[in-house]
Amino acid sequence: MHTAKQAKQHAKRTKHAMTGNGHSQHAGDEFEIDVRAMRERAREHLDDGAVTEDYRADRDAVVHMLNDALATELVCVLRYKRHHFMATGIHAEPVAAEFAEHAAQEQDHADRIATRIVQLGGEPDFSPDSLSSRSHAEYVTCTSLRDMIRENLVAERIAIESYREMIHYLGDRDTTTRRMLEEILSVEEEHADDMRDLLDRE
């Protein structure tokens, strides 16, 4: 049971009140937000949308980086799609299904990246003319099932290293983009494990 003194101390610790000078106080005086200034800033530069003045990354550099990632994901979609339809042989059916699943997940990655580019005020580059040259991974056709699996594993390893470098570059300067890339990286690591397991069965 809490005493009256303990209850009073708890109320003080969880205090969240607006002061007369437009400041929001949390947990006493330990954390304070200048709400009035925040409201004024929010009304400025409305064309910037989600990008506020405290955004610390180089926006142009991040958009360029994400467009390269977008190209990589799209090339991976196309490669997995081709391999899905071209897979033949006694063991082809489950492998082709794996390729199709990965293609759908890579497309989801591409969509997420394109959405983030727009949020940052950029334009997602879907131009087929430069897709291959901007992609980190290669579009390799292959004829045998084993070669298809191997090339997809190579591409996933390239994607993993690329995303790790992007995440390291962003640090805490753009946590939203970094979290998105971390989530995509996790899926790419799963893809690499899937391809390695398939390769071991061949």
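In this chain, residues are counted from 1 in sequence order.
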Hydrogens and angles aside, do Gln107 and Asp111 bring a side-chain donor and acceptor to less than 3.5 Å of each other?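 Indeed, the side chains of Gln107 and Asp111 share at least one donor-acceptor pair under 3.5 Å.
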Taking side chain to side chain contact (heavy atoms under 4.5 Å, CB included) as the test, write out the residues that go with Glu190, two or more places apart.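 Residues passing side chain to side chain contact (heavy atoms under 4.5 Å, CB included) with Glu190: Ser186.
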Determine whether [X] and [Y] fall in the same hydrophobic cluster, where Ile, Leu, Val, Met, Phe, Trp and Tyr are linked whenever their side-chain heavy atoms lie under 4.5 Å apart.
X: Leu78; Y: Leu70; result: yes
X: Tyr80; Y: Val77; result: no
X: Leu66; Y: Phe126; result: yes
X: Val95; Y: Val154; result: no
X: Ile160; Y: Ile184; result: yes

Write down the atom of [X], the atom of [Y], and the distance for their closest heavy-atom approach.
X: Ala96; Y: His84; value: O-ND1, 2.8 Å
X: Leu145; Y: Ala92; value: CD2-CA, 3.9 Å
X: Met148; Y: Thr143; value: CE-O, 3.9 Å
X: Val75; Y: Ser132; value: CG2-CA, 4.5 Å
X: Val140; Y: His83; value: O-NE2, 2.9 Å
X: Pro124; Y: Gly122; value: CD-O, 4.1 Å

Identify, with sequence neighbours excluded, every residue that meets ring-ring contact (aromatic ring centres under 6.0 Å, His included) alongside His109.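 If we apply the ring-ring contact (aromatic ring centres under 6.0 Å, His included) test to His109, skipping adjacent residues, there are no hits.
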Under 3.5 Å: donor-acceptor pair, side chain of [X], backbone of [Y]:
X: Arg59; Y: Leu120; result: yes
X: Ser144; Y: Asp147; result: yes
X: Asn67; Y: Ala114; result: no
X: Ser135; Y: Leu131; result: no

Given side chains that start at C-beta, do those of [X] and [Y] come closer than 4.5 Å, heavy atoms only?
X: Glu188; Y: Glu73; answer: yes
X: His102; Y: Asn152; answer: no
X: Arg196; Y: Asp193; answer: yes
X: Leu74; Y: Arg79; answer: no
X: Phe99; Y: Arg82; answer: no

Greater than 12 external heavy atoms within 6.0 Å of Arg157's CZ: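 Not buried by this count: 12 neighbours or fewer within 6.0 Å.
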Is atom NE2 of His136 surrounded by more than 12 heavy atoms (other residues, nucleotides or ligands) closer than 6.0 Å?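 Yes, because the 6.0 Å sphere around NE2 of His136 holds more than 12 heavy atoms from other groups.
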Strictly below 4.0 Å, N to O, side chains only: are [X] and [Y] in salt-bridge contact?
X: Arg178; Y: Glu182; answer: yes
X: Arg179; Y: Asp174; answer: no
X: Glu183; Y: Arg112; answer: yes

Using side-chain hydrogen bond (donor to acceptor under 3.5 Å, both in side chains) as the criterion, point out the one residue from Glu101, Glu106, Glu98 that pairs with His191.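 Considering Glu101, Glu106, Glu98, a side-chain hydrogen bond (donor to acceptor under 3.5 Å, both in side chains) with His191 is found only for Glu106.
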